[in-house]
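Ligands are counted one by one from 1 in listed order, and the atoms in each one are counted from 1 as well. These figures come from a predicted structure and were not determined experimentally. Excluded from the calculations below are hydrogen atoms, water molecules and symmetry mates; all remaining heavy atoms, backbone and side chain alike, are included.
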Amino acid sequence: MAVCLGMAGLSGTAVAAPVATNARLGEHPEHTRFVLELTETVDYRIFTLAEPNRIVLELPDIEWRLQAKAGIKGAGLVTSYRYGPFRKGRSRVVLDLASPAKVDANFIMPPEDGKPARLVLDIVPTDEIAFLATAGWPDDAAGAEPVPPIDPVEEAKPVDNKDGVFIIALDAGHGGVDPGATGASGTLEKDVVLATVEALKTELEARGNYKVVLTRGDDNFITLKDRVRAGRAGKADLFISLHADSVSDASVHGASIYTLSETASDSVAAELEESENASDIISGVDLSGENDEVSTILIDLAQRETKNRASVFAQMVLPELDKQTGLISKPHRFAGFRVLKAPDVPSVLIELGFLSNVTDEERLTSPKWRKGAARAIARAVDDYYAHMSSVAETGH
Ligand SMILES: [Zn+2]
């Protein structure tokens, strides 16, 4: 153990960012208290957001070393919380509220007598009207940086099998302040899917005929729309989003693949759709500028062909994943995941397994298993590439 708990502030380690070492939630008669322990004092600010009701604590760059289960269980007015990097140089803690509430007192105490710095929020109930009156974005603070609008859709891009390279966008789900699903033993979805994306990148690049672009290569938060944008900007021929989710039924296990549909194909799909699309909301992103109608129209117009291609790839992945890990029943499913909505990039979302299932959680934490899964998906990419190249050659 290199970490000496409680002594971090005195140990003199040369870390650039302050370290968050512990977080606590306590229910008291007068308030719910949230305490974040840090190696040093930091600047911070607090704001509240409605629908769903949240308190956002914004911090500078922080190195997060909280316990794996931190934030899963709530207390008092707080049902749960999440933390992590948000944008370059910024971190967030997002506290979900059981009912309208406000921060009644907040302060930060410097380290002393071997104790770390403590940032304290005392949260008290308020009424709905008062909550809504003050909830909202700080002036400078939309959740996402301004981004250029998506280009109008042109005709579906033919596969370039002649002189260009075949480009694959790999998207590790969640990240940063959004951990995704959590396994029974504390495994975080954002970590295992990033590790699998790295393994898949290695597999694909070793073949020499693919270029890989990543939506995220580290533990960072990215909005769903920016993931789609990254695939389009990278001129990807195929977009693969990797997830390892959680559903209420712990017996559900095995892999599955999703392609885009406006309506979820069944209750499992609907449950996952809701949790995946909530990614931006739980992270405290301003969605007020989003216009779903536009993207719906674009999709309708376009891009039957794009969806067909995604389905072709899905059919190629399934037998490979079946050999590797087994599949859920009806493993090709349909849902309205936002991340699949690029109108001109065939996009799939692979659920590698379920962290809510003990066996799947064990597999996902194994580097050997992840390498096997990466190989399985890479073989399907080979099949798909060969198929699309032959289609391009024959003109069909
Ligand atoms: Zn996920």
Item to check | H243 atom ND1 and H174 atom NE2 as seen from the Zn ion (ligand 1), angle to 10 degrees | outcome: 100°
Checklist entry - Y83 and K190: which non-hydrogen atoms are nearest, and at how many Å? => result O-NZ, 4.5 Å
Item to check | salt bridge (charged side-chain N to carboxylate O under 4.0 Å, His left out) partners of D122, counting only residues at least two apart | outcome: R33
Item to check | Sequence-distant partners of D104, salt bridge (charged side-chain N to carboxylate O under 4.0 Å, His left out), two or more places apart | outcome: none
Checklist entry - Knowing that exactly one of R54, R82, K73 qualifies, which makes a salt bridge (Lys or Arg N to Asp or Glu O under 4.0 Å) with D96? => result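 Only match with D96 under salt bridge (Lys or Arg N to Asp or Glu O under 4.0 Å): R82.
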Next on the checklist: Please determine whether E189 has a backbone or side-chain N, O or S atom lying under 2.8 Å from the Zn ion (ligand 1).
Outcome noted: yes
Item to check | Which N, O or S atom of D245 lies nearest to the Zn ion (ligand 1), by name | outcome: OD2
